[in-house]
Amino acid sequence: MKPILDLVTKLGPARIAAMAAVTLTLVGFFAFVILRVSRPDMGVLFSDLSMQDSSAVIRELDARGIAYETKGDMGQTVLAPRADLAKLRMDFAGKGLPAQGGVGYEIFDKGDAFSSTSFVQNVNHLRAMEGELARSIRAIGRVQAARVHLVIPERRLFERDREAPSAAIVVKLMGDLDASQVRAIRHLAASAVEGLKPERVSIVDERGRLLADGARGAEADGAGALEERQSGIERRMRSQIEEIVAGIVGQGRARVQVTAELDLNRVESRSESFDPESRVVRSTQTRSENSLTGGAEGQVSVGNELPGATQNQAQPQQKDSSQKNEEVTNYEISRVTKVETLEGGRLKRLSVAVLVDGIYAPGADGKPAYQPRSDAEIARITALVRTAVGYDKVRGDQVEVVNLRFAETPTAPEFAEAGLIQSFLSPTKEDVMRVVELAVLSLLTLVVLMAVVRPLLRRVLESDAPAVLAGPVGALALAGATGGEGPVEIAVRENSTNRFLESAKINGQIQAETVERVVDMVRASPTETVEVLRNWIHDS
């Protein structure tokens, strides 16, 4: 025990306390690092849960003995080990978790149908329809949560006019919905409820924006459809132009704007045309008539009735004959009746503006230098754009391609080949967080090594320096300090703590100067140095 007690006495209470504090700090730090690295990587199991669903999920995880974490004031987000996420989600889906705060047709599995009144049955049926519609709407990509309110008027006896049902839908979105997606939600609700029309469905998002107005009717839907068609035409043509121009000038080095002017008038025309050359005999009718008229024979006159008149007196006789032929032919002439209806939304005029950047080549200083494109190249790009959009000069279309320098200069990676580097430049969110975590831990480890371990090692080495200097090098140092004249006497140090500390401080300060002086002395007097070393060898 005496060497241990001597060591403790030599170090002193202050140094022992410092060493203990450093040891505890290192043990705690490395324990934290080991626990943090060995802890399983956590991922989001469910998010935006209601209080009931969050409680049910946590109970299930506790029963299975699976580690989890919760985030949010009310535990809306539950995290679980990333390797078990898929299995846990499938198991919870089989148990109907999470229920998302709504009920569906399973509400009828819990109640007694014989003891419930018709009013309760109707209310449950309405709740079930709303819950099922909300579940279907949540299946759409950008819809995070949904609530559905149905207004179905009650049917009454002897009621001739019935009010149409309506619906109100509140959605929580991750981003924005397209017009087609809003229309899909309206048609989904209208198809699921008897008598509900799409124009009677109102949709509002979580920020209070009216996505669909159920009070304006079909006219507003028609106007919205035309606006959607216009934006769709512009978007489609813009993507086509950007794709074909980017293949020439490079990705991101072109800006395209398309304006499509539509004719919103609805035109209906009727026309009827006849072709006299294409005649077809439909029917033919022929009629012949012959007539013959005689003289005065057998005629009754006054002379014939007088007494003594001769009955057989010869009279001259005259006869007339006539013949009549009539023919009627009916013809069918070809007739074409044409009814043409032109709906609103026809493309009336098209305007396209294309801005392309110039050419960047490495300059003398290594930085990209700008060069404008030639007129021939701009003309070829213009011809390609006109062909892509279906340019019609009679219609009044305009296509303008201009070469100007962009405000931002392309970065260096654009001059290199795209490959594995691009995959590293587009990491996922989990990869970024993991790299940041490893970088922080590495930085903390480096700080501990430089700020704690390195000073501790330096202090230990400095405490051993006086023992080294007490040997031959110390004698040479003292000889160099006295100029090398006269005998060198080495005093034995006292075995006390104060003198030990003072010697350590002095030796620490003059160590650098001593080494330099010894080297200079050896270089200046090599013969004397050899003689001193020879005497040391003989003395030993």
Considering residues, nucleotides and ligands other than Glu69, do more than 12 of their heavy atoms fall under 6.0 Å from its CD?
yes

Is there side-chain contact between Ile233 and Arg236, with at least one heavy-atom pair below 4.5 Å?
yes

Residue pair Val171 / Ile140, side-chain heavy-atom distance below 4.5 Å:
no

CZ of Arg270 to NZ of Lys338: how many Å apart, nearest 0.5 Å?
13.5 Å

Test salt bridge (Lys or Arg N to Asp or Glu O under 4.0 Å) on Arg135 and Glu132; report intermediate values, then the result.
CA-CA 5 Å; Arg135 292 175 181 176; Glu132 293 294 337; 3.5 Å; yes

Counting C-beta onward and ignoring hydrogens, is there a side-chain heavy-atom pair between Asn122 and Glu154 closer than 4.5 Å?
no

To the nearest 0.5 Å, tell me how far Leu196 CG sits from Arg186 CZ.
9.5 Å

Could you please spell out the steps behind the side chain to side chain contact (heavy atoms under 4.5 Å, CB included) verdict for Met237 and Val352?
CA-CA 9 Å; Met237 290 188 176; Val352 181; 5.8 Å; no

Can you tell me how far apart CG (Leu85) and CZ (Phe46) are? Round to the nearest 0.5 Å.
9.5 Å

Is it the case that Thr382 and Arg386 place a side-chain donor and acceptor less than 3.5 Å from each other?
no

How about Glu261: does its CD atom have over 12 heavy atoms from other parts shown lying under 6.0 Å from it?
yes

Nearest 0.5 Å, please: how far is CZ in Phe119 from CG in Asn124?
10.0 Å

Below 4.5 Å, heavy atoms only, C-beta onward: do Glu60 and Asp91 meet side chain to side chain?
no

Minimum-distance pair of heavy atoms, taken over all atoms of Ala146 and Ala134
O-CB, 3.7 Å

Closest heavy-atom pair and its distance - Thr259, Glu234:
CA-OE2, 3.7 Å

Sub-3.5 Å donor-acceptor pair from the side chain of Gln371 to the main-chain atoms of Ile359, do we have one?
no

Apply the test side chain to side chain contact (heavy atoms under 4.5 Å, CB included) to residues Ile378 and Val356: give CA-CA distance (whole Å), side-chain angles for both, the deciding distance (0.1 Å), then the verdict.
CA-CA 9 Å; Ile378 296 298; Val356 296; 3.9 Å; yes

Atom OG1 of Thr341 and atom CZ of Arg266: how far apart are they, to the nearest 0.5 Å?
5.5 Å

Would a 4.5 Å heavy-atom cut-off, applied to side chains only, mark Arg64 and Leu88 as touching?
yes

Show the nearest heavy-atom pair for residues Pro81 and Ile66, with the distance to one decimal.
CD-CG2, 3.9 Å

Taking all atoms of both residues into account, what is the closest heavy-atom pair of Tyr370 and Leu404, and its distance?
OH-C, 3.8 Å

Could you check whether any side-chain N or O of Asp263 sits under 3.5 Å from a backbone N or O of Asn265, counting only pairs where one atom can act as donor and the other as acceptor?
yes

Begin from the C-alpha positions of Arg395 and Leu347 and carry the test side chain to side chain contact (heavy atoms under 4.5 Å, CB included) through to its verdict.
CA-CA 9 Å; Arg395 191 172 55 190; Leu347 185 60; 3.7 Å; yes

Quick one: closest heavy-atom pair of Asp357 and Arg373, and the distance?
O-NE, 2.6 Å

Side chain to side chain contact (heavy atoms under 4.5 Å, CB included) between Ile203 and Leu177: does it pass, once the steps are laid out?
CA-CA 11 Å; Ile203 302 177; Leu177 290 179; 5.7 Å; no

For the residue pair Arg89 and Leu45, what are the closest heavy atoms and their distance?
NE-O, 3.3 Å

Atom pair CZ (Arg349) and CD (Gln398), whose distance is rounded to the nearest 0.5 Å
5.0 Å

With a 4.5 Å limit on heavy-atom distance, are the side chains of Tyr391 and Leu350 in contact?
no

With no hydrogens and no angle check, is any side-chain donor or acceptor of Glu130 less than 3.5 Å from a backbone partner on Leu150?
yes

Tell me whether Asp275 at atom CG has more than 12 heavy atoms from other residues, nucleotides or ligands lying less than 6.0 Å away.
yes

Residue pair Val402 / Val354, side-chain heavy-atom distance below 4.5 Å
no

Less than 4.5 Å apart, any side-chain heavy atom of Asp397 and any of Val389?
no

Please lay out, stage by stage, how Arg235 and Ser239 fare under the test side-chain hydrogen bond (donor to acceptor under 3.5 Å, both in side chains).
CA-CA 6 Å; Arg235 184 169 55 253; Ser239 63; over 6 Å; no

Quiz: residues 205-212 side-chain donor-acceptor pairs under 3.5 angstrom, not counting sequence neighbours:
residue	atom	partner	partner atom	Å
Asp205	OD1	Arg207	N	3.4
Asp205	OD1	Gly208	N	3.2
Asp205	OD1	Arg209	N	2.6
Asp205	OD2	Arg209	NE	2.7
Asp205	OD2	Arg209	NH2	3.1
Glu206	OE1	Leu173	N	3.1
Arg207	NH2	Asp176	OD1	3.2
Arg209	NH2	Asp176	OD1	3.0

Kindly check if the number of other-residue, nucleotide or ligand heavy atoms within 6.0 Å of CD (Glu194) is above 12?
no

